[in-house]
Amino acid sequence: MAREVAGRPPEETLSLWKREQALLKGRVVDRDTEAWQRDPAFSGLRRVGGVDVSFVKGDSVSACASLVVLSYPELEVLYEDCRMVSLTAPYVSGFLAFREVPFLVDAVRRLREKEPHLMPQVLLVDGNGVLHHRGFGVACHLGILTDLPCIGVAKKLLQVDGLENNALHKEKIRLLQAGGDTFPLMGGSGAILGMALKSHDHSTKPLYVSVGHKMSLEAAVRLTRGCCRFRIPEPVRQADIRSRDYIRRTLGGPGPPRTRAGEEPEGAETRGGPQGRLRRAGR
DNA sequence: GCGACAG
DNA sequence: ATCTTGTCGC
């Protein structure tokens, strides 16, 4: 049943959300807090997490929230948790966290309870950190709620605080040479809000990296680069691929629906549990 | 009416 | 976010 979530929240709700962001923003730490973050080779870093939420096409409510954990530097998947969820908040630019973050926090909590030894040492988040209307994007929000170092990795420039995807910006992109090349994204106040990063040699579009929590921008950019086999860093890419795959296996796909009304015994999932646990463990 | 718009 | 196959290039 394709449901629709309420259109745009009333101003009163947005006002409450802004207050919440302002409150939590005060707790963001934009410095390196872990020893591995300052090491040239990130020695000591063994697990990197990625999160994403994918949607069912004609439906703005049903989605799959996923959390994956990869080994570093091998980038092999060690853990996967995909779960169908019902979103309650609509997407409003600047308030993405209120739509997606509760389910990502749930995923982290499940991991903490069931496989604490696989807890990632940092999370790469699909979206922005401090590169945000009020300096508190989804990567900051998730970082504060989980107390994990987080990095915001966006695929498009969020045009805030004077930043514009204009001719000058496009020219700077064109001038990026090799993978790893960057240029700073300076806000109106003069502060560096994030970095545009050419994630690999033949990528046209850069990634927009910003601090989420418990990490410096320099380390965030360097680690993001270290996680890229393709344009999108592996943790986020795997979370995306697996969440979309989970939806396809659950609803989409050719042939008759896997679970026609009245068949298939109660509850039990066809493929190893509601969360599609641990598969293809690396090493 | 026009432009903006992370996911 | 999603709608979507083949196709061009290394």
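Residue numbers start from 1 in every chain, and the chains themselves are labelled A, B, ... in the order their sequence lines are given, proteins ahead of strands.
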> Does A/Leu157 sit in a hydrophobic cluster with other residues, and if so which ones, taking ILVMFWY side chains as linked at heavy-atom separations under 4.5 Å, directly or through other members?
Replying inline: A/Leu131, A/Leu158, A/Val160, A/Leu163, A/Ile173, A/Leu176, A/Phe183, A/Leu185, A/Leu193, A/Tyr208

Can you give me the N/O atom pairs linking the protein to nucleotides 8-10 of chain C at distances under 3.5 Å, or say none if there are none?
none

>> Could you tell me if A/Arg134 sits above the aromatic ring of A/Phe95, with its cationic atom closer than 6.0 Å to the ring centre and no more than 45 degrees from the axis?
In response: yes

> Is it true that the NZ or CZ of A/Arg222 lies under 6.0 Å from the centre of A/Phe42's six-membered ring and within 45 degrees of the ring axis?
Replying inline: yes

> So which of residues 154-161 of chain A are in contact with DNA chain B, with a heavy-atom cut-off of under 4.0 Å?
Replying inline: A/Ala154, A/Lys155, A/Lys156, A/Leu158, A/Gln159

>> For a quick check of understanding: with a heavy-atom distance under 4.0 Å over all strands, which category does A/Asn128 fall into, base, sugar-phosphate or nothing?
In response: base

> What would the secondary structure line of DNA chain B be in dot-bracket form, counting Watson-Crick and G-U wobble pairs under 3.5 Å, with [ ] for pairs that cross earlier ones and | for pairs with another strand?
Replying inline: .......

> Which part of the nucleic acid does A/Val53 contact within heavy-atom distance under 4.0 Å: base, sugar-phosphate only, or nothing?
Replying inline: nothing

> Taking atom C1' of C/dA1 as reference, at what distance in whole Å does atom CG of A/Leu87 sit?
Replying inline: 10 Å

>> Base, sugar-phosphate or nothing for A/Phe55? Non-hydrogen atoms, less than 4.0 Å.
In response: sugar-phosphate

> Which is the 5'-most and which the 3'-most nucleotide of DNA chain B that has an atom under 4.0 Å from a heavy atom of chain A?
Replying inline: B/dA4 to B/dG7

>> Just to be sure I understand the rule, does A/Gly94 reach a base, reach only the sugar-phosphate, or reach nothing, if contact means heavy atoms closer than 4.0 Å?
In response: base

> Any chance the side chains of A/Glu115 and A/His117 put a donor and an acceptor closer than 3.5 Å?
Replying inline: yes

> Can you tell me how far C1' in B/dC5 sits from the matching atom in C/dT2, rounded to whole Å?
Replying inline: 15 Å

> Dot-bracket for DNA chain C, 5' to 3', counting Watson-Crick or G-U wobble pairs under 3.5 Å, with [ ] for crossing pairs and | for inter-strand pairs?
Replying inline: ..........

> Which part of the nucleic acid does A/Phe98 contact within heavy-atom distance under 4.0 Å: base, sugar-phosphate only, or nothing?
Replying inline: nothing

> Any ion pair linking A/Asp52 and A/Arg242 (charged N to carboxylate O, less than 4.0 Å)?
Replying inline: no

